[in-house]
Colleague: 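The structure that follows is given in the form of structure tokens.
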Amino acid sequence: MSQSRFNPLKADAHWQKVWEDGAVFAAPSAAELAGSDRPKAYVLEMFPYPSGRIHMGHVRNYTLGDVLARYKAMTGHAVLHPMGWDSFGMPAENAAMEKKVHPGDWTRSNITAMRAQLKRLGLAIDWSRELSTCEPDYYGHEQALFLDLFKAGLVYRKESSVNWDPVDMTVLANEQVIDGRGWRSGALVEKKKLSQWFLKITDFAEDLLDGLDGLDKWPAKVKLMQENWIGKSQGLRCTFSFVDSPDGIAVFTTRPDTMFGASFVAIAADHPVATELAANAPELARFIDECRKGGTTAADIETAEKQGFNTGLSVEHPLDPDWHLPVYVANFVLMDYGTGAVFGCPAHDQRDLDFARKYGLPVVRVVADGDQIDPDFEGDEAYTGPGAIVNSHFLNGMSVDDAKNAAIATAQHEGWGEATTVWRLRDWGVSRQRYWGTPIPIIHCEFCGVLPVPRSQLPVILPEDVSFDIPGNPLERHPTWKHVACPNCKEPARRETDTLDTFVNSSWYFIRFASQPGNMPFDKAEAEAWLPVGQYIGGVEHAILHLLYARFWTRALQRIGRLDVSEPFKGLFTQGMVTHETYRATKAVMNLKGDPFIQDGVPVTESFWVGPDEVLEKDGALVWSADGSPIEIGRIEKMSKSKKNTVDPMPMFDQFGADAVRWFMLSDSPPERDLPWSEAGIEGTWRFVNRIWRLFDSLGASGGEDKVLDKILHRAIAGIGADIEALAFNKAVAKTHELVNAIEKAPPSASRNTAVRTLAKLISPMLPHLAEEAWAHFGESGLISKQAWPRADLSLLVEANATIAIQINGKLRETLLVAKGTDKATLEALALASDKIIRSLAGSRPKKVIVVPDRLVNIVA
RNA sequence: GCCCCUGUGGUGAAAUUGGUAGACGCGCCGCACUCAAAAUGCGGUAUCGAGAGAUGUGCUGGUUCGAGUCCGGCCAGGGGCACCA
């Protein structure tokens with residue numbers, strides 16, 4: 001028998017070329033799909049941002065999707081498994097500023113490098129559908145869709161307050177503001193009012209919430225997060241009229257049952273009533289200013305004291321015009337939630353209670369706390385639990401829920417309020433004062449106002465000749481780009497220089513993958529042939545924003561009749577992060593002369609992140625490879641460039657080949673769980689790959705059946721398939737090991753030969769290069785990737801015998817092998833006749849015997 | 001503060017509806033092959049105990065013939081939201 005070795009580097013290169021040259025993983029066209037009875041499988045991993053190199057997180061993400069896509073193909077599905085690039089965004093502009101390269105050049109060369117790296121993984125991708133969002137043939141269509149939504153009234157412009165970095169002259173997202181300063185410049189961030197474009201996602205709040213119910217293949221956690229984010233609250237919107245005036249203050253409450261416990265009305269600092277009063281009240285103006293300055297970070301809010309300013313105004317209680325309440329401006333009331341005004345019911349709301357105690361306002365109990373019904377509420381802890389309503393006239397005696405309904409009914413009947421639903425969800429602000437994004441296709445004309453760019457002028461192409469020498473938006477400074485003729489009056493006009501939030505790019509790329517005509521964003525029928533995505537796979541960090549925006553965008557397209565799909569992602573899988581320890585080294589700070597910098601007689605040190613490849617172990621402690629100084633081990637975090645805790649996957653591919661790395665990624669840890677990175681064990685997977693190869697190389701001309709092995713094989717076929725389908729790859733790996741162990745131990749036979757050949761197919765989704773190599777080695781023609789997944793013979797899955805556990809008082813004492821289906825009485829008799837049981841019982845009579853056929857006998861003694 | 005998730009050997013982890021805890025892998029130990037090493041193969045590996053046996057799924061109480069799994073109360077770690085009326 002000739003011995004051959006598996007050479008992964010040769011095999012990887014060879015089969016990757018065969019797959020690519022033969023367009024083996026090209027998805028069928030929509031027409032072919034319609035004409036075939038094959039079920040469809042659209043498998044999609046979240047497309048990468050081309051940051052430069054792939055990292056372990058990418059390897060995990062794309063391996064998971066790839067196994068599923070390959071399995072789906074083998075199980076007779078028409079598969080769409082595409083790849084593209086989320087290529088607009090800030091890092092490109094930062095690179096431009098730091099390295100003096102054009103964002104386009106930087107991005108495109110990154111894509112070239114990362115495409116090659118991804119291909120090195122051996123992914124079953126239809127590369128003919130590759131797209132890149134920074135190219136006009138993508139973003140031009142996005143501009144067309146934006147104008148469609150504009151025309152449909154789903155886009156509007158509004159003054160809104162933004163975080164403005166005065167040094168970089170740009171708007172910052174909330175996450176980019178750290179302790180009130182810009183994350184890059186370190187400058188104090190200012191609040192600035194800017195005219196911004198918004199998408200009306202709130203129009204779809206109810207739909208987006210209701211739609212979650214139908215997403216039964218989404219993780220409950222993600223649905224819950226979206227539900228909280230959308231934040232539906234139902235309650236009463238009512239008006240507290242000013243004393244002696246027809247006007248009033250609109251208030252929203254989720255607790256109309258506590259109306260009779262009201263003791264003040266509080267309005268936001270930005271409330272129009274406050275603004276009006278402040279014009280003639282300098283003290284109030286100063287207070288409002290204070291409120292605006294207040295930080296918005298979690299820590300600020302935690303420590304901020306409830307503060308108010310008594311306006312001197314009084315309002316009438318809607319249920320009793322003679323009952324007057326003071327009106328405060330309060331720092332804890334938000335203008336952009338509800339109506340920007342609340343009524344305070346201190347006894348049953350902690351915040352209101354803090355406020356009332358501070359300003360000496362009445363605190364009246366209106367919900368009984370057990371048998372406590374005294375109207376005089378004592379203590380500093382509000383009661384927010386259930387109870388009967390008390391001290392509340394017509395609501396007395398009702399439950400909280402009944403009283404809510406009764407109060408709302410009365411308000412509606414008497415005309416001073418109505419049932420209202422309020423959402424936490426805000427409209428989506430999509431304007432970014434940046435260069436590297438989709439230009440917003442709008443023209444501002446002094447005479448004709450805000451106009452869409454005519455369709456014939458799309459795409460609005462991003463100019464390439466820009467400079468990043470000075471901070472700010474290069475589009476704003478470009479000498480010619482923004483100057484255009486008004487499409488209406490032909491007078492000189494100005495282009496919109498803002499670009500779209502990059503989340504817009506990722507809100508429809510999965511549609512473009514399904515259909516990519518040149519003259520429009522997508523063809524309706526083609527897109528509908530593939531959509532929705534059957535299985536979407538990505539990081540949980542996108543659980544809210546990306547997934548919510550994509551769901552909104554899809555519904556918006558549905559509303560304007562462009563696509564009859566409401567939910568873009570039927571199945572969602574959120575993979576865990578690949579994490580690694582972080583390391584910090586400390587070094588002395590030097591002065592200009594190069595001597596240690598001494599302060600108060602002590603050398604000043606600074607600590608900084610170092611990468612895992614710079615850390616050595618010496619005498620049981622970790623030291624920095626550069627100078628041997630001690631290393632402090634930080635917490636385990638997601639691999640990121642800033643913490644320097646990344647590990648480059650590519651050397652592993654060069655050393656062990658794609659299959660060993662893929663197998664390693666799939667082994668052991670369930671894919672939804674975070675994976676603390678460790679290379680311990682990669683040699684083990686490499687050994688396993690070689691063990692399998694030796695099996696493939698061991699086929700002989702033996703005959704004869706091996707019924708035990710047949711059974712094991714068919715159990716593996718069924719089990720591995722089910723595990724892959726459930727994305728439980730760690731379990732599929734374990735079952736593959738069991739099968740391999742069994743085959744290795746089995747003597748030569750026809751059954752064994754069959755098992756070895758079948759094994760090649762079973763590993764093909766996970767170890768595709770090895771499997772192709774085996775297929776060729778067997779002398780077969782064609783590709784194993786195109787073979788049908790083996791069929792499990794169900795009759796072989798039925799066990800003839802069952803191992804019965806014999807327990808005494810629930811503790812295992814003995815096991816018995818019996819024929820399956822042995823009746824209860826026989827089992828009981830067998831159990832009681834067992835030597836061990838007789839000994840254990842030591843003559844005492846069983847009180848009771850529980851028999852579960854095919855499982856166990858439990859003797860209660 | 002509110003909401004959610006997780007907790008099992010040295011280690012990554014398995015465990016259909018409550019029914020033999022620790023499958024499978026990594027590591028480690030022993031053995032074989034070898035002048036030797038690597039590679040490979042064989043055996044062992046929850047804890048205590050010489051053994052029979054006892055104990056064991058974060059802690060604690062409960063339901064049950066029987067609990068890793070269900071219920072209550074804690075503890076620890078992680079995540080999400082947060083002056084949301």
Side-chain angles (χ1 to χ4, degrees), chain A residues 219-229 231-233 235-236 251-256 258 265-266 268 294 296 298 300-307 330-334 336-345 349-352 354-355 384 422-424 540-541 543-544 576-577 579 635-636 663-664 667-670 672-676 678 680-685 687-688 690-691 694 722 728 730-741 744 803-816 839-840 846-852 854-861:
Chain A
K221 177 183 156 183
V222 173
K223 288 195 280 186
L224 189 69
M225 279 163 70
Q226 292 221 349
E227 192 183 318
N228 292 338
W229 187 264
K232 182 180 186 174
S233 306
L236 171 70
V251 154
F252 173 74
T253 179
T254 55
R255 294 296 303 270
T258 64
V265 166
T296 48
D300 287 339
I301 289 161
E302 201 73 44
T303 51
E305 209 176 331
K306 307 284 170 278
Q307 284 181 19
N331 65 346
F332 63 85
V333 182
L334 305 174
D336 57 0
Y337 183 80
T339 59
V342 299
F343 80 78
C345 175
D349 182 290
Q350 191 57 46
R351 210 184 29 203
D352 294 346
D354 295 346
F355 191 82
T384 54
V422 162
W423 306 87
R424 207 193 79 96
V540 73
E541 65 272 24
I544 298 176
M577 298 180 297
T579 61
R635 49 187 259 155
I636 294 169
W663 189 256
F664 187 48
S667 302
D668 292 354
S669 257
E672 67 276 12
R673 209 171 293 182
D674 283 354
L675 177 67
S678 157
I682 179 70
E683 284 90 355
T685 58
R687 282 199 294 270
F688 185 68
N690 287 301
R691 266 173 72 196
R694 281 195 294 276
N730 56 320
K731 292 193 236 168
V733 163
K735 287 186 180 129
T736 308
H737 270 283
E738 285 175 346
L739 176 60
V740 167
N741 290 344
E744 279 178 340
T803 308
I804 305 292
I806 313 296
Q807 300 176 329
I808 295 177
N809 295 331
K811 299 228 182 279
L812 183 72
R813 296 296 153 173
E814 173 71 302
T815 57
L816 293 176
R839 221 180 321 134
S840 294
K847 292 199 190 82
K848 192 176 169 188
V849 179
I850 285 124
V851 182
V852 183
D854 296 341
R855 281 226 175 252
L856 56 73
V857 177
N858 188 17
I859 299 160
V860 186

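To find a chain, count down the sequence lines: A is the first, B the second, and so on, and within it residues start at 1. Every value quoted in this text rests on a predicted model; they were computed, and no experiment measured them.
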Colleague: Measuring only the C1' atom in each nucleotide, how far is B/rC35 from B/rA50? A whole number of Å is fine.
Modeller: 40 Å
Colleague: Distance between the P atoms of B/rU55 and B/rG49, in whole angstroms?
Modeller: 16 Å
Colleague: Please set out all donor-acceptor pairs under 3.5 angstrom arising from side-chain atoms of residues 854-861 of chain A, sequence neighbours excluded.
Modeller:
{"unit_1": "A/Asp854", "atom_1": "OD1", "unit_2": "A/Gly821", "atom_2": "N", "d": "2.8"}
{"unit_1": "A/Asn858", "atom_1": "OD1", "unit_2": "A/Asn809", "atom_2": "N", "d": "3.4"}
{"unit_1": "A/Asn858", "atom_1": "OD1", "unit_2": "A/Gly810", "atom_2": "N", "d": "2.9"}

Colleague: Quantified in whole Å, what is the C1' atom distance between nucleotide B/rU45 and nucleotide B/rG9?
Modeller: 10 Å
Colleague: Tell me, which stems hold RNA chain B, with a stem being 3 or more Watson-Crick or G-U pairs in a row and both distances under 3.5 Å?
Modeller: B:1-7 with B:75-81, B:10-12 with B:24-26, B:27-32 with B:40-45, B:46-48 with B:53-55, B:58-62 with B:70-74
Colleague: May I ask you to say what A/Asn690 touches in the nucleic acid, namely base, sugar-phosphate or nothing, with a heavy-atom cut-off under 4.0 Å?
Modeller: nothing
Colleague: Do any side-chain nitrogens or oxygens of A/Arg351 fall under 4.0 Å of OP1 or OP2 in B/rC84?
Modeller: yes
Colleague: Could you tell me whether the phosphate oxygens of B/rU6, OP1 or OP2, come under 4.0 Å of any side-chain nitrogen or oxygen in A/Arg673?
Modeller: no
Colleague: Can you name the atoms? Protein N/O to nucleotides 65-69 of chain B N/O, anything below 3.5 Å, with the distance.
Modeller:
{"unit_1": "B/rC65", "atom_1": "O2'", "unit_2": "A/Asn858", "atom_2": "ND2", "d": "3.2"}
{"unit_1": "B/rC65", "atom_1": "O2", "unit_2": "A/Asn858", "atom_2": "ND2", "d": "2.6"}

Colleague: Polar atom pairs between nucleotides 27-29 of chain B and protein, under 3.5 Å, N or O only, would you list them?
Modeller:
{"unit_1": "B/rG27", "atom_1": "OP2", "unit_2": "A/Arg687", "atom_2": "NH2", "d": "3.3"}

Colleague: Are any non-hydrogen side-chain atoms of A/Asp352 and A/Phe343 less than 4.5 angstrom apart?
Modeller: no
Colleague: Taking only the P atom of each, what is the distance from B/rG80 to B/rG30 in whole angstrom?
Modeller: 47 Å
Colleague: With C1' as the reference atom in both, quote the distance from B/rC71 to B/rG22 in angstrom, rounded to an integer.
Modeller: 26 Å
Colleague: Closer than 4.0 Å, any side-chain N/O of A/Ser669 to the OP1 or OP2 of B/rA13?
Modeller: yes
Colleague: Is A/Asn228 near enough to B/rC2 that one of its side-chain N or O atoms lies under 4.0 angstrom from OP1 or OP2?
Modeller: no
Colleague: In whole Å, measure the gap between the C1' atoms of B/rA67 and B/rU60 for me.
Modeller: 15 Å
Colleague: Checking contacts here: which listed nucleotide (B/rC83, B/rC24, B/rG80) is nearest the side-chain heavy atoms of A/Lys306?
Modeller: B/rC83
Colleague: When the P atoms of B/rG77 and B/rA82 are considered, how many whole Å apart are they?
Modeller: 23 Å
Colleague: Rounding to the closest angstrom, what is the interatomic distance between B/rC3 and B/rG58 at atom C1'?
Modeller: 22 Å
Colleague: Enumerate the protein-to-nucleotides 49-54 of chain B contacts in which both atoms are nitrogen or oxygen and the separation is below 3.5 Å.
Modeller:
{"unit_1": "B/rA54", "atom_1": "OP1", "unit_2": "A/Arg813", "atom_2": "NH1", "d": "3.3"}
{"unit_1": "B/rA54", "atom_1": "OP2", "unit_2": "A/Arg813", "atom_2": "NH1", "d": "3.3"}

Colleague: I'd like to check A/Asp668 versus A/Asn730 (side-chain heavy atoms, cut-off strictly below 4.5 Å). Are they in contact?
Modeller: no
Colleague: Could you state the CH2-P distance from A/Trp423 to B/rA85, rounded to the nearest angstrom?
Modeller: 14 Å
Colleague: Provide, to the nearest angstrom, the distance between the CZ atom belonging to A/Phe688 and the P atom belonging to B/rG25.
Modeller: 8 Å
Colleague: With sequence neighbours left out, write down each residue that passes ring-ring contact (aromatic ring centres under 6.0 Å, His included) with A/Phe332, or none if nothing qualifies.
Modeller: A/Phe355
Colleague: Do side-chain atoms of A/Asp674 reach the backbone of A/Met577 as a donor and acceptor pair under 3.5 angstrom?
Modeller: yes
